[in-house]
Protein chains: 2
Amino acid sequence: MAPRRPEQFEAIREKSREKILAASLELFANKGYDATSIDNIAKKAGISKGLIYNYFESKKSILLAIFDDAMKMGEELLMGQMNIKDPVLRKKAIIELTFDMIKQRPDYVKFLTVMALQPGVMADTKDFTKNAYKKTEEWSKLITGKAKKEAVIDTLMIGAMMDGITLNFIIYGEQYPLDELKQEIIKLYCGPEKKKKKK
Amino acid sequence: MAPRRPEQFEAIREKSREKILAASLELFANKGYDATSIDNIAKKAGISKGLIYNYFESKKSILLAIFDDAMKMGEELLMGQMNIKDPVLRKKAIIELTFDMIKQRPDYVKFLTVMALQPGVMADTKDFTKNAYKKTEEWSKLITGKAKKEAVIDTLMIGAMMDGITLNFIIYGEQYPLDELKQEIIKLYCGPEKKKKKK
DNA sequence: TACTTTTGACTGACCGTTTAGTCAATTAAA
DNA sequence: TTTAATTGACTAAACGGTCAGTCAAAAGTA
């Protein structure tokens with residue numbers, strides 16, 4: 001009577017959904033949202049165009065799903081470092097984590113960076129700017145411990161630094177010396193690992 | 001016999017061309033290339049669609065014209081600082097110049113940044129990556145004087161810093177404290193203005 | 001002054017193509 | 001047979017680009 005057991009359907013659906021998301025992520029990150037057609041996604045995912053609309057109600061909703069996934073993953077990674085008590089060590093851990101993310105998931109990083117520069121694309125669905133600014137505030141607390149007025153500039157500097165390195169890595173690719181820059185930024189902002197920081 | 005004098009036509013043409021370029025720059029910078037239609041440009045410029053093709057042979061050629069203008073302006077500004085002999089002062093001047101450019105021509109800066117992240121758009125017409133990398137090399141020489149191996153990281157750090165600040169300014173807008181960050185980066189990379197730099 | 005002629009900037013309906021999105025028909029497993 | 005995943009031909013809208021034709025302005029003619 002029942003043709004397939006529910007969990008079998010669930011597995012099939014999950015697999016197809018994943019194929020669509022993976023193909024879309026790659027295309028959105030490399031070509032941008034507008035330059036990517038539904039046909040492109042279907043071909044890259046190895047499925048038909050119609051099937052995509054069995055899983056997502058529109059092109060925008062695919063974008064939104066990827067965006068949510070990326071933000072969720074980023075937040076989880078970030079929150080995983082919350083248990084580090086010492087502020088300097090925590091700062092260092094977060095910086096290293098960001099570099100890891102750039103190297104391990106450049107697709108997500110590229111996707112988010114590209115989207116950040118196309119406000120018109122996200123504007124309809126998510127208040128991206130507000131979201132990003134909130135994230136910066138969280139970063140600020142995480143990195144400096146408290147919201148010391150003087151330390152805000154420091155946080156913004158580190159944030160800009162990381163964004164700039166990310167941007168250059170996206171543009172230049174593997175030839176960009178990520179590791180050396182990581183050492184440099186840690187040396188700059190986490191001190192020479194001795195004493196309490198003065199001035 | 002002769003209806004209008006050539007210089008009158010020239011003035012008219014220049015004005016229209018300028019309207020098209022101005023409208024395109026604003027739209028490309030804010031919405032991106034693919035999301036901007038020829039109709040959008042025509043409406044914003046207050047002219048008809050057909051007239052655009054009296055001045056540019058394709059949508060891509062508009063993009064290219066803006067790109068060339070932006071690069072030309074940037075290069076002229078940069079080369080204007082070449083006469084400063086002292087490396088530290090020159091470095092400082094270039095950094096300040098970059099901040100000035102961000103504040104005075106955010107449209108150009110935004111345009112270039114958006115285009116840098118859409119390799120597919122520029123790929124057909126200009127080798128953007130190569131161009132950008134060459135620019136970085138020039139920067140390196142300008143900033144460090146010579147191509148000291150150790151100083152490359154320093155140059156890349158400053159470059160990433162500036163790019164990151166630019167990116168954040170584009171995203172956050174006027175609330176982003178450009179001036180404070182300028183002071184900070186000058187303090188960091190141009191030394192406390194005393195003695196010769198050591199280590 | 002009034003009229004005609006000449007010019008090229010300018011217009012918008014139109015063209016072929018491509019797009020996002022739909023749906024009746026098909027497929028395959030239980 | 002039942003069920004739901006899957007397909008691709010289809011549609012309406014939007015796209016970049018074209019082109020036959022309109023228009024205003026300047027100079028010659030009277």
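Every chain is numbered from 1, with letters handed out A, B, ... down the list of sequences.
A 4.5 Å side-chain heavy-atom check between A/Pro177 and B/Leu156 finds at least one atom pair inside the cut-off.
Rounded to whole Å, atom P of C/dT19 lies 11 Å from atom NZ of A/Lys43. We find that CD of B/Glu18 is positioned 17 Å from C1' of C/dA9, with the value rounded to whole Å. In this structure, CG of B/Asn54 is placed 14 Å from C1' of D/dG21, rounded to the nearest angstrom. Separating the CD1 atom of A/Ile62 from the P atom of C/dG21 is a distance of 9 Å, rounded to the nearest angstrom. Atom P of nucleotide D/dG17 and atom CD of B/Glu57 are separated by 9 Å, given to the nearest angstrom. In this entry the distance linking CG of A/Asp39 with P of D/dA9 reads 11 Å, nearest Å. In this entry the distance linking CD1 of A/Ile20 with P of C/dA20 reads 14 Å, nearest Å. If you measure from atom CD1 of A/Ile47 to atom P of D/dT7, you get 7 Å, rounded to the nearest angstrom.
The closest side-chain donor-acceptor pair between B/Ser37 and B/Asn40 falls under 3.5 angstrom.
In this model, the phosphate group of C/dA9 is approached by a side-chain N or O of B/Arg13 to a distance below 4.0 Å at OP1 or OP2. At the phosphate of C/dG21, OP1 or OP2 sits under 4.0 Å from a side-chain N or O atom of A/Tyr53. For the pair B/Ser16 and C/dC10, the criterion of a side-chain N or O lying under 4.0 Å from OP1 or OP2 is met.
Mapping A/Thr36 and B/Gly50 onto DNA chain C by nearest heavy atom places B/Gly50 closer to the 5' end of the strand.
With D/dG17, C/dT22, D/dA5 as the choices, the nucleotide that has an atom nearest any side-chain atom of A/Lys49 turns out to be C/dT22. Taking every side-chain heavy atom of B/Tyr55 into account, C/dC10 is the closest of D/dT6, C/dC10, D/dG16. Counting only heavy atoms from C-beta on, B/Ser37 has its side chain closest to D/dG16 among D/dG8, D/dG16, C/dG21. Distances from the side chain of B/Ile38 to the nucleotides D/dA5, C/dG21, D/dG16 place D/dG16 closest.
Salt-bridge check for A/Asp179 with A/Lys103: passed, with a basic side-chain N closer than 4.0 Å to an acidic carboxylate O.
Using a distance-only test at 3.5 Å, with no hydrogens or angles considered, a donor-acceptor pair links the side chain of B/Tyr33 to the main chain of B/Lys60. Here the side chain of A/Lys59 pairs a donor or acceptor atom with the backbone of A/Thr36 at under 3.5 angstrom.
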